[in-house]
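Numbering of ligands and ligand atoms starts at 1, following listing order. Note that the structure is a prediction, hence the values are computed from the model and not measured.
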Amino acid sequence: MDSVKTLLPDSALPTHWYNLAADFPEPLDPVLHPGTHEPVGPEDLAPLFPPALIEQEVSTERWIPIPDEVRQVLLQWRCTPLYRARRWEEALGTPARIYYKYEGVSPSGSHKPNTAVPQAFYNREAGIRKITTETGAGQWGSSLALACRMFGLECLVYMVRVSFEQKPYRRAFMETFDATCIPSPSESTEAGRAILAEDPECRGSLGIAISEAVEVAAQSADTSYCLGSVLNHVLLHQTVIGQEAREQLEAVGESPDVIVGCTGGGSNFAGIAFPFLGEGLRDGRLPRVVAVEPAACPTLTKGPLAYDYGDTAHLTPLVKMNTLGSSFVPPGFHSGGLRYHGMAPMVSHCRKLGLLEARSFHQLETFAAGVGFAQAEGILPAPEANHAVIGAQREAERCREEGRADTILFNLCGHGNFDMQAYSDYHAGKLHDYDYPNEEIAMALAGLPSL
Ligand SMILES: *Cc1c(COP(=O)(O)O)cnc(C)c1O
């Protein structure tokens, strides 16, 4: 019987990150200063980020070398396996061939360490001592905590309160690596105190947690801020996923007809899709690419493309992105990693250029798909990853109806072993679907900055 798993030797770990900005037919819109609304320069970003990351943020170089010290750490779990989902194909009765890249083998169980490690590395190189950040479901905080520990940096994590309460084990994970984890909104920052004064019961959001982390970082010269998604350099670091997947598919004589990923801020999706999109833009043979998001936080499917702030307190620069408005607080559904009001500018740009299709699904159908996948493949996906799973499933069902044997590739961006509360609630029938909160979004969009 043919193998279901394709592994690569250590020597196949990519030596470079791939930058899609080099191949866009139209350049990205500039990032604007929140006060002047003029394009920002490197000096505006210097209080928050080290020079190497700022350079990557604005780079249009196609290939950017991965430092040796970073590759040495990544090698601990990379290259990650690519699986053929044979039993799931059979269960779905589809003629399609489904492959998934499994990022759950990283130490924190998701794709996030792919960028946490280089971000910690470049900060240490720049003489930074402490890093602040936000985390939703806790995946990013966990990944940054361990990366900081590896490079001898202090780590302070603002965790969205609803997740802090739902996922206590994530905090224990972070504390194991000596990170400090504070529920957000908190009394420890001006941004947090302002929110709590208005709403003492506030469940928090990524936008609020970002404001708190940015505020703390901007106050001391030896402290930097790190973001786990959205920014160009974060998406760049994730492109090891797609580069490896391309090589693994080639090893079994395949190339994808359709690529599926879930989108919170867009980084794991970009990681798997951008290397293929870049190649398609260069040789004229573009695969279909599908971005899947929650119906309760429908950034790509319902949010307009507009300049907006990355955070609630409006401390960050303005970026052009699909957005639901920076004051939008999504309902407390279980995919904490997908509860962000905006989308990566590079992913938003792909949408504008017609390079991707966006879909949204409700919470219950994503869990049903994830359970079906787990029963066939034995891996329990993270609630976020269930969105990629249902996206791939819908493609497989289309193939069944059309009698087509497409090759489907999706990113299983993390396991759900820390998300048992969500699965318990699902099995107990306690999860429900949230309607798209039209009114709240309309209100948040009314607050978009006028330029
Ligand atoms: C953080 C996270 C996401 C959402 O972030 P992206 O930048 O869109 O990838 C999705 N899945 C998992 C498992 C995560 O940890």
Engineer: Could Arg170 and Phe418 be counted as a cation-pi pair, given that NZ or CZ must be under 6.0 Å from the ring centre and within 45° of the axis?
Structural biologist: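 Ring-cation test returns yes.
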Engineer: Ignoring hydrogens and angles, state whether a donor on the side chain of Thr299 or Asn322 is under 3.5 Å from an acceptor on the partner side chain.
Structural biologist: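 No, no side-chain donor-acceptor pair sits under 3.5 Å.
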Engineer: Ser108 versus Phe173: any side-chain heavy-atom pair under 4.5 Å?
Structural biologist: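 Yes. Closest side-chain heavy atoms under 4.5 Å.
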Engineer: Can you see whether Tyr99 has Arg84 sitting over its ring - NZ or CZ less than 6.0 Å from the centre and within 45° of the normal?
Structural biologist: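 Yes, a cation-pi geometry holds between Arg84 and Tyr99.
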Engineer: Is there any protein N/O under 3.5 Å from an N/O of ligand 1, and what does the full list of such pairs look like?
Structural biologist:
unit_1	atom_1	unit_2	atom_2	d
ligand 1	7 (O)	Ser229	OG	2.5
ligand 1	7 (O)	Gly266	N	3.4
ligand 1	7 (O)	Ser267	N	2.8
ligand 1	7 (O)	Ser267	OG	2.7
ligand 1	8 (O)	Gly264	N	2.7
ligand 1	8 (O)	Gly265	N	3.0
ligand 1	8 (O)	Gly266	N	2.8
ligand 1	9 (O)	His111	NE2	3.1
ligand 1	9 (O)	Ser267	OG	3.3
ligand 1	9 (O)	Asn268	N	2.9
ligand 1	9 (O)	Asn268	ND2	2.7
ligand 1	15 (O)	Lys112	NZ	2.7

Engineer: Decide if the gap between the ring center of His432 and the ring center of Tyr434 is smaller than 6.0 angstrom.
Structural biologist: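 Centroid distance His432-Tyr434: below 6.0 Å, so yes.
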Engineer: Can the ring centres of His233 and Phe49 be said to be less than 6.0 Å apart?
Structural biologist: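 Under 6.0 Å, so yes.
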